[in-house]
Colleague: 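Before I ask anything, let me first share the structure, which is written out below as structure tokens.
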Amino acid sequence: MLHLPKMRPCILATGGCGYIGSHVVVELVAAGYQVVILDNFENSTHKTAARIKRLCKRHVTIVEGDVCDRALVEDTLLQYNVNAVIHLAGKKAVGESMADPILYFHDNLLGAIALLEAMRNCDVGRIVFSSSATVYGASEMQPLAETASTCVLNPYGRTKLMIEEMIDDVTASAQDFKAVSLRYFNPVGAHPSGQIGENPTDVPNNLFPYVSQTAAGIRDKVRVFGGDYETPDGTGVRDYIHVVDLAKGHVAALDYLFSDHAARHERINLGTGTGYSVLEVIEAFSKASGTRVAYEIVARRPGDVAVSLADATFAKTLLGWEATHNLTRMCKDHWAFQCGGKPDEKDSSFTRQLHFSENVLSGS
Ligand code: UD1
């Protein structure tokens with residue numbers, strides 16, 4: 001049974017204009033929730049904010065500010081009668097966290113502390129935390145169930161694990177404080193409208209945006225990090241999950257927190273349970289974009305593991321959620337955003353490539 005407030009519940013989404021946040025907000029609104037976004041626009045743009053509003057076709061409040069600003073968070077929680085929080089704000093680049101750990105401790109940990117304190121002060125007792133499969137470190141056990149041991153390999157991962165543990169203590173201290181930490185595997189793809197997605201302005205660290213920018217002619221070729229892993233084709237295998245599936249997982253987690261069987265604090269994997277190698281991704285993206293994506297196999301990237309795969313059964317059992325989009329769809333939507341997201345570069349070759357990919361994929 002759902003214990004929803006009489007009015008449509010209001011959700012505060014910190015970092016709601018970011019790559020994952022923007023998709024979460026669109027799905028929350030589609031599911032009937034009211035949404036207030038708190039975002040400092042450090043890694044997001046006002047253009048995205050405008051697109052979110054257009055896609056939602058319903059009012060979405062956007063508060064510009066930092067989650068570390070406890071007074072602002074408290075004002076926001078009270079002013080909009082917030083019933084629950086989805087906490088996505090934070091820094092997320094592994095390499096940057098190794099170069100500047102204090103920045104990560106400051107933004108991610110102080111942000112979580114300010115938010116949890118504000119929630120306690122304002123009697124808001126439900127939180128969905130954006131965690132990561134990075135907390136499993138280099139675990140040999142594949143696929144990874146939530147019961148697998150955790151291991152921190154870098155400061156970014158440490159902040160994710162520490163926040164999960166902070167939430168353990170906070171939920172243990174107050175009976176009416178409930179939480180879900182969602183451990184994301186590899187979110188990729190974009191909203192099918194092509195309006196929101198991930199478009200890093202710097203050289204991308206992650207595979208999908210790099211492949212996509214290579215298909216678009218922005219990069220020469222993909223450097224495949226390692227061709228000698230113990231995997232079928234020697235390249236790293238990951239559990240890529242479409243960002244819209246991931247966003248729907250947040251809605252399911254929230255519904256669960258409003259139910260009468262919500263436990264104190266659950267950790268839940270969001271993945272598909274299916275793995276693809278780097279070469280399989282390049283191949284699928286080449287088909288989706290109608291462009292042969294060039295690549296070169298180079299040395300392994302330090303810190304990478306051969307395989308990372310989710311055991312996604314707990315999410316299905318507890319939340320009734322499972323991913324539905326396949327790799328073809330992930331590539332198609334990522335590419336549509338790459339093309340539509342840059343109208344100034346939308347020349348005839350872009351349009352041709354997009355039409356080609358639509359033709360290739362029609363019927364799939
Ligand atoms: C990375 C982070 C992880 C974070 C996740 C977010 C590291 C070590 N891990 O995961 O903490 O939660 O992103 O999505 O940074 N690859 C290439 N060439 C590239 C880029 C990647 O071959 O230019 C390969 C990698 O070696 C890996 C796969 O592609 O096998 C996926 O890499 P990536 O997209 O960076 O994700 P993860 O490393 O799994």
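Counting convention: from 1, in listed order, for ligands and their atoms alike. Starting from 1, each residue takes its place in the sequence as its number. Reckoned from all heavy atoms, side chains included, excluding hydrogens, waters and symmetry mates.
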Colleague: How far is atom 38 (O) of ligand 1 from the closest protein heavy atom, and which atom is that?
Modeller: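 Checked against all protein heavy atoms, atom 38 (O) of ligand 1 sits closest to R301 NH2, 2.8 Å.
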Colleague: Determine, for Y33 and R8, whether the Lys NZ or Arg CZ falls below 6.0 Å from the six-membered ring centre while staying within 45 degrees of the axis.
Modeller: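 No, a cation-pi geometry is absent between R8 and Y33.
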Colleague: Do F337 and H191 have ring centres separated by under 6.0 Å?
Modeller: no
Colleague: Look at atom 24 (C) of ligand 1 and say which protein heavy atom is nearest, naming residue and atom and giving the distance to 0.1 Å.
Modeller: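 Here the closest protein heavy atom is V278 CG2, 3.7 Å.
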Colleague: Under 4.0 Å between a side-chain nitrogen and a carboxylate oxygen: does that hold for K92 and E198?
Modeller: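 Yes.
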Colleague: Is the ring pair Y240/F208 parallel, tilted or perpendicular, if the boundaries are 30 and 60 degrees?
Modeller: tilted
Colleague: Tracing side-chain links under 4.5 Å among I, L, V, M, F, W and Y, which residues wind up in one group with L309?
Modeller: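 In the cluster with L309 are V237, V307.
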Colleague: Can you tell me the protein heavy atom closest to atom 28 (C) of ligand 1 and the distance?
Modeller: Y240 OH, 3.6 Å
Colleague: Of the protein's non-hydrogen atoms, which lies at the shortest distance from atom 16 (N) of ligand 1, and what is that distance?
Modeller: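 Of the protein heavy atoms, F225 CD1, 3.6 Å lies nearest.
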Colleague: Side chain or backbone of N205 under 4.0 Å from ligand 1, or both, or neither, by non-hydrogen atoms?
Modeller: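 The answer is the backbone of N205.
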Colleague: Do any heavy atoms of S132 fall under 4.0 Å from ligand 1?
Modeller: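 So S132 counts as touching ligand 1.
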Colleague: Does a side-chain N-to-carboxylate-O contact under 4.0 Å join E164 and K160?
Modeller: no
Colleague: Assigning hydrophobic clusters by single linkage (Ile, Leu, Val, Met, Phe, Trp, Tyr; side-chain heavy-atom cutoff under 4.5 Å), is L254 placed with I52?
Modeller: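 Same cluster.
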Colleague: Please state which part of V94 comes within less than 4.0 Å of ligand 1, counting heavy atoms only: side chain, backbone, both or neither.
Modeller: side chain
Colleague: What I want to find out is whether D176 reaches R126 closely enough, with some N-O distance under 4.0 Å, to be called a salt bridge.
Modeller: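 No, this pair does not count.
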Colleague: If you measure from the Lys or Arg side-chain nitrogens to the Asp or Glu carboxylate oxygens, is any gap between D304 and R301 under 4.0 Å?
Modeller: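 Looking at D304 and R301, the cut-off is met.
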Colleague: With heavy atoms only and a cut-off of under 4.0 Å, state how T134 meets ligand 1: side chain, backbone, both or neither.
Modeller: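 The answer is the side chain.
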Colleague: Heavy-atom contacts with V224 under 4.0 Å: which atoms of ligand 1 show up? List them by number with element.
Modeller: 22 (O)
Colleague: Are any of the N/O atoms on V222, whether in the backbone or the side chain, positioned under 3.5 angstrom from an N/O atom of ligand 1?
Modeller: no
Colleague: Could you find the nearest protein heavy atom to atom 1 (C) of ligand 1 and give me its residue, atom name and distance?
Modeller: N206 ND2, 3.5 Å
Colleague: Below 4.0 angstrom, N of the basic side chain to O of the carboxylate: do E296 and R223 qualify?
Modeller: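 No, this pair does not count.
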Colleague: Can you classify the ring geometry of Y256 versus H261 as parallel (below 30°), tilted (30 to 60°) or perpendicular (above 60°)?
Modeller: perpendicular
Colleague: Below 4.0 Å, non-hydrogen atoms only: which portion of Y295 touches ligand 1? Side chain, backbone, both or neither.
Modeller: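 It is neither; nothing of Y295 touches ligand 1.
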Colleague: With a heavy-atom distance limit of 4.0 Å, tell me whether R223 approaches ligand 1 through its side chain, its backbone, both, or neither.
Modeller: backbone
Colleague: For ligand 1, which atoms have a heavy atom of G236 less than 4.0 angstrom away?
Modeller: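 Per the distance check, 30 (O).
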Colleague: Check whether any N or O atom of R238, backbone or side chain, sits under 3.5 Å from an N or O atom of ligand 1, and answer yes or no.
Modeller: yes
Colleague: Among protein heavy atoms, which sits nearest to atom 14 (O) of ligand 1, and what does the distance come to when rounded to 0.1 Å?
Modeller: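 Of the protein heavy atoms, P187 CD, 3.9 Å lies nearest.
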Colleague: Are R183 and E146 within salt-bridge range, i.e. N to O under 4.0 Å?
Modeller: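 Looking at R183 and E146, the cut-off is not met.
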Colleague: At under 4.0 Å between heavy atoms, is it the side chain or the backbone of Y156 that contacts ligand 1, or both, or neither?
Modeller: side chain
Colleague: Could you find the nearest protein heavy atom to atom 34 (O) of ligand 1 and give me its residue, atom name and distance?
Modeller: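 Answer for atom 34 (O) of ligand 1: L207 N, 2.8 Å.
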Colleague: In the protein, what heavy atom is nearest to atom 36 (O) of ligand 1, and what distance, to one decimal place, separates them?
Modeller: N186 ND2, 3.1 Å
Colleague: Which ligand 1 atoms, with their elements, are less than 4.0 angstrom from a heavy-atom of D304?
Modeller: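 Listed by number with element: 8 (C), 25 (C), 26 (O), 38 (O).
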